[in-house]
Amino acid sequence: MGNNSTAFSLPQPHLQRTKLCDMEDKELEPLYVTRREQLKQVVGSIIKPKFVQGKTLNGKEFVSFLQQILEALNKGEIPSTGSLVEIFNKAILERCLKVYKEKLEGLRLPVPVEKLQQIHEVANGEAKLLFDKQHFGKHHAVQSILKLEDEITKVYKNFLLANEYQSSKLCEARFSECEDQMDHLQVLKLPSMAKFNAGFFYCNRTFVMECVGPAKERYDHRMSKMLLKSRALFIKEYNNKLFNWLVTFALVMVVLGRFVIKFFLLEIAAWVMFIFLETYTRMFWSAESLYYNPAWHIIVSSWETIVYSPLLDLDRWAIPIALLLLFWLFYWRCFARRKRGSRSVLPLYKNSHKNSSRPRSD
């Protein structure tokens, strides 16, 4: 509209504003009349020809031009002071909202709800402080701050939903890993309570450390139920599996002592162990009392020491070790004894017909 703007305040001319056009100057507020005359002098001192599209306006054209401007202002087609303040505050509002978002986007979701709430309060305070320093206008600032709070609330709700989703996703992954690990421990080839306990505590510790966020409480309950169920199932099958392995071990020693090593004391010991396990334990030890028997505790302790330790997991290396032992027995049986001769300090089985020194009679 122009390159120069001069503000000049006028008091209210009269309380009955709808009748101003019909009132004489003497009916108006005296201070208004005085200031109006001063305004005329100011306008007269700065007035100069008005150019519109390169053409100088005369008085009639200028009045028509002013009427068009007033109509445009009333319809909102030309920015007014209020609309300009709103536009200015809107830009500030966007900057404040960006500060808030950047603060929350710095978090690596999921996080505990308390931490997200704490960061939200800090970011909200920083955004409002920035708005207080830069906003313009009192009335419009109130409207803008309400809008800022509404936008911050929407963004915070979105972060809450995202945090819930990421927390559920992470906890579900850790829960599935622990569930698979517990299922694997249930089917160990060589059952070991020590190995199960090590896997149990590692899985539980990993879950507690890595499962964070609002879904943690819900998954804690599921995790506790799953671990307790897995432990109960493992203990129930542990004694039976160990007993079966001891019976199998006794039979293997019988075969080795009789046909491979040919050491009859080893065979006798294996037979005694096998008969003891198959008769005495079944006659005098029930499945329940077996677990609490002191002798069984000694067997279990010995088994645990052999099967699992931090240095050697026999369940993992059982097959390679068994193959090495078989190779060694085969080598010893077929080659080593031939090189050293038939003498042995062990009471081996001997063939009386082949080694007899009696003269042959026809």
Side-chain angles (χ1 to χ4, degrees), residues 109-116 160-249 277-278 281-282 284-319 321-322:
L109 301 179
V111 295
V113 179
E114 297 78 11
K115 183 176 181 179
L116 182 60
L160 287 176
L161 293 175
N163 191 45
E164 175 73 27
Y165 171 75
Q166 294 295 337
S167 177
S168 299
K169 184 179 179 180
L170 178 62
C171 292
E172 179 64 32
R174 297 296 171 266
F175 177 83
S176 298
E177 290 176 3
C178 286
E179 193 173 33
D180 293 341
Q181 187 174 356
M182 291 298 103
D183 291 341
H184 173 72
L185 292 174
Q186 295 292 342
V187 293
L188 292 175
K189 294 183 290 292
L190 300 177
S192 171
M193 182 63 71
K195 183 174 182 179
F196 180 85
N197 288 335
F200 179 93
F201 290 118
Y202 173 79
C203 183
N204 188 50
R205 183 175 64 253
T206 303
F207 179 83
V208 170
M209 292 176 59
E210 297 185 5
C211 176
V212 296
K216 181 177 178 62
E217 183 177 357
R218 183 174 71 255
Y219 276 89
D220 275 343
H221 181 66
R222 290 181 58 188
M223 189 71 176
S224 299
K225 290 180 62 177
M226 186 272 291
L227 292 178
L228 291 176
K229 184 178 179 180
S230 297
R231 178 185 284 274
L233 182 61
F234 182 84
I235 292 175
K236 179 180 178 181
E237 299 294 330
Y238 176 77
N239 287 328
N240 294 331
K241 289 182 179 180
L242 180 55
F243 186 85
N244 293 334
W245 268 107
L246 291 176
V247 172
T248 303
F249 175 77
L277 291 173
E278 286 295 326
T281 54
R282 297 183 184 277
F284 300 100
W285 291 353
S286 63
E288 292 77 12
S289 62
L290 183 66
Y291 183 72
Y292 299 101
N293 191 282
W296 182 254
H297 284 179
I298 297 175
I299 296 174
V300 170
S301 299
S302 302
W303 171 269
E304 292 290 341
T305 303
I306 296 172
V307 170
Y308 180 78
S309 69
L311 299 178
L312 177 63
D313 183 3
L314 197 59
D315 183 76
R316 179 179 297 179
W317 298 99
I319 295 178
I321 292 175

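Note that the coordinates shown come from a computational prediction; the quantities given were computed from them, not determined experimentally.
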Minimum heavy-atom distance [X]-[Y], with the two atoms named:
X	Y	answer
N163	P110	OD1-CA, 3.1 Å
S167	A215	OG-N, 3.1 Å
C203	M182	CB-CE, 4.3 Å
F175	M226	CE1-CB, 4.1 Å
L185	G199	CD1-CA, 4.1 Å

Legend entry - Listed partners of A173 passing side-chain contact (heavy atoms from CB on, under 4.5 Å), at least two apart: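 By the side-chain contact (heavy atoms from CB on, under 4.5 Å) rule, A173 matches no residue at all.
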
Legend entry - Pairs meeting criterion salt bridge (Lys or Arg N to Asp or Glu O under 4.0 Å) with involvement of residues 163-172, two or more places apart: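 As it turns out, the salt bridge (Lys or Arg N to Asp or Glu O under 4.0 Å) pairs with a partner in residues 163-172, which skip direct neighbours, are E164-R218, E172-R222.
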
Inset, instruction - Start with the C-alpha distance between Y165 and L161, add both sets of side-chain angles, then the distance that settles side-chain contact (heavy atoms from CB on, under 4.5 Å), and finish with yes or no. - result: CA-CA 6 Å; Y165 171 75; L161 293 175; over 6 Å; no

Inset, instruction - Side-chain contact test, heavy atoms from C-beta onward, threshold under 4.5 Å: evaluate it for V111 versus Q166 and give yes or no. - result: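 No; the side chains remain at least 4.5 Å from each other.
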
Legend entry - Contact check, side chains of E177 and F207, non-hydrogen atoms, under 4.5 Å: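 Side chain of E177 against side chain of F207, heavy atoms only: no contact under 4.5 Å found.
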
Inset, instruction - Report the C-alpha separation of F234 and R231 in whole Å, then their side-chain angles, then the decisive distance to 0.1 Å, and conclude whether the side-chain contact (heavy atoms from CB on, under 4.5 Å) test is met. - result: CA-CA 5 Å; F234 182 84; R231 178 185 284 274; 5.8 Å; no

Legend entry - Charged tip of R174 within 45° of Y219 ring normal and under 6.0 Å: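 No, a cation-pi geometry is absent between R174 and Y219.
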
Inset, instruction - For the pair N204 (side chain) and F200 (backbone), establish whether a donor and an acceptor sit closer than 3.5 Å, ignoring hydrogens and angles. - result: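 No; zero donor-acceptor contacts below 3.5 Å.
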
Legend entry - Side-chain donor or acceptor of K216 paired with backbone N/O of E210 under 3.5 Å: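 Not confirmed, K216 side chain does not pair with E210 backbone.
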
Inset, instruction - Mind checking the SG-CG spacing from C178 to D183? Nearest 0.5 Å is all I need. - result: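 Going from SG on C178 over to CG on D183, the span is 11.0 Å.
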
Inset, instruction - Inspect the surroundings of CD in E237 and state if more than 12 heavy atoms from other residues, nucleotides or ligands are less than 6.0 Å away. - result: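 Atom CD in E237 is packed in, count exceeds 12.
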
